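It should be emphasised that the depicted structure is a prediction, and the values quoted were computed from it without experimental measurement. Just so we're on the same page: letters track the sequence lines, and every chain starts at 1.
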Amino acid sequence: MTKSELIEQIAMKQPELSAKQVEAAVKLILEQITDTLSEKGRVEIRGFGSFSLHYREARQGRNPKTGDPVSLDGKFVPHFKPGKELREQVNVSKDDE
Amino acid sequence: MGALTKAEMAEKLYNELGLSKREAKDMVELFFSEIRECLRENEQVKLSGFGNFDLRDKRQRPGRNPKTGEEIPISARRVVTFRAGQKLKTRIESLDESDVHVTH
C-alpha cells in the first residue's frame, strides 16, 4: 500500500471529508512525526508502536571503491518499535496461512 | 517534552485543517488502523518521504529464559520492521549529539 492508496482507503471510510482534506491530514500527521523526531522527541501510539531515535557511535569506515579509511561521525537514526497489538496481529496472520 | 500521541495529532488537525474534533480524532485512528490492517494482511506499506513498514518472516531459533537460563526455542514468527526513507534519514542524521533538546 502506498501513501495515495492509504489516502483513498481512509477517504472511503470518512465520507464527510473530501479526498483533499484526507490527503492534507495524512501529510500533516507524517510531518508531525518527522518534526517531533527532528527535535529528538518520541512518538508513542498505543497499540501501534513508538518512534524514537537511536544513536550510532562514530566509527572508522572505508570508501568502498578505494578501500581508503574514512572517519564517520556519530549520527542519529530513526527507530520504530512495534507495539504489542501490532506484533500480535501480524504474527497471527502468519498462522492463518 | 512528553511524547507525541494521537491526542496531539488530532489537536493539530483540528487547529490547522479545520476538521471537527470528532473528524480529527477519527482521522488519526483511521490512519494507524489502516496501516495496521494492511500489515496484518502481510502487505508492505510505503509512505514516500517517510519510510516503509516491511514484514519479515523469522525462522525458529534457540533462545533462553533470561531469568532461569533454561533453553527454550523462540518460535518462527512474522515481524514488522521500519525502514526510514531518505528524506527522514537526512533530517535526523544532521542532528548533533550535543543539540539542546527543543521543547514547544
Smallest separation among heavy atoms of A:K3 and B:S48, with atom names | NZ-O, 3.1 Å

Would a distance-only check, ignoring hydrogens and angles, find a side-chain to backbone donor-acceptor pair under 3.5 Å from A:N91 to B:R77?
-> no

Spatial distance of atom CE (A:M1) from atom CD (B:E37) [nearest 0.5 Å] | 9.5 Å

Could you name the residues of residues 23-36 of chain B that have a heavy atom within less than 4.5 Å of a heavy atom in chain A?
-> B:E23, B:D26, B:M27, B:V28, B:L30, B:F31, B:F32, B:E34, B:I35, B:R36

Just how far is it from atom CZ of B:F50 to atom CD1 of A:I33, taken to the nearest 0.5 Å?
-> 4.5 Å

With rounding to the nearest 0.5 Å, note down the distance linking NZ in B:K46 to OG in A:S4.
-> 10.5 Å

d(B:I92 CD1, A:S38 OG) to nearest 0.5 Å is 5.0 Å

Do any of residues 81-88 of chain B have a heavy atom less than 4.5 Å from a heavy atom of chain A, and if so, which, in residue order?
-> B:F82, B:A84, B:L88

Go through the atoms of A:L37 and report whether side chain, backbone, both or neither lie under 4.5 Å from a heavy atom of chain B.
-> both

Is there side-chain contact between A:Q21 and B:L17, with at least one heavy-atom pair below 4.5 Å?
-> no

Okay, A:I10 and chain B: the region with an atom under 4.5 Å from a heavy atom over there is both

Inter-residue atom distance A:R42.CZ - B:T5.OG1, 0.5 Å rounding = 12.0 Å

N/O donor to acceptor pairs below 3.5 angstrom from side-chain atoms of residues 75-82 of chain A, sequence neighbours left out:
none

Closest-packed option against chain B by number of heavy-atom pairs under 4.5 Å, given A:T2, A:D73, A:T34, A:V22 | A:T34

Mind ranking B:V45, B:V79, B:L55, B:N52 by heavy-atom pairs under 4.5 Å with chain A and telling me who comes out on top?
-> B:V45

Derivation and outcome, side-chain contact (heavy atoms from CB on, under 4.5 Å), residues B:V80 and A:R87 | CA-CA 7 Å; B:V80 178; A:R87 279 204 311 269; over 6 Å; no

Show me the donor-acceptor pairs, under 3.5 Å and distance only, between side chains in residues 46-62 of chain A and residues at least two apart or in other chains.
{"from": "A:Y55", "atom 1": "OH", "to": "B:E97", "atom 2": "OE1", "distance (Å)": "3.2"}
{"from": "A:R62", "atom 1": "NH1", "to": "A:G67", "atom 2": "O", "distance (Å)": "2.7"}

With chain A, the option among B:E43, B:K12, B:E8 that has the most non-hydrogen atom pairs under 4.5 Å is B:K12

For the hydrophobic clusters of this structure (ILVMFWY residues joined by side-chain heavy atoms under 4.5 Å, transitively), does one cluster hold both A:V43 and A:L30?
-> yes

Separation of B:L4 CG from A:I45 CD1 (nearest 0.5 Å) = 6.0 Å

Contact part of A:E85 toward chain B, heavy-atom cut-off under 4.5 Å: side chain, backbone, both or neither?
-> side chain

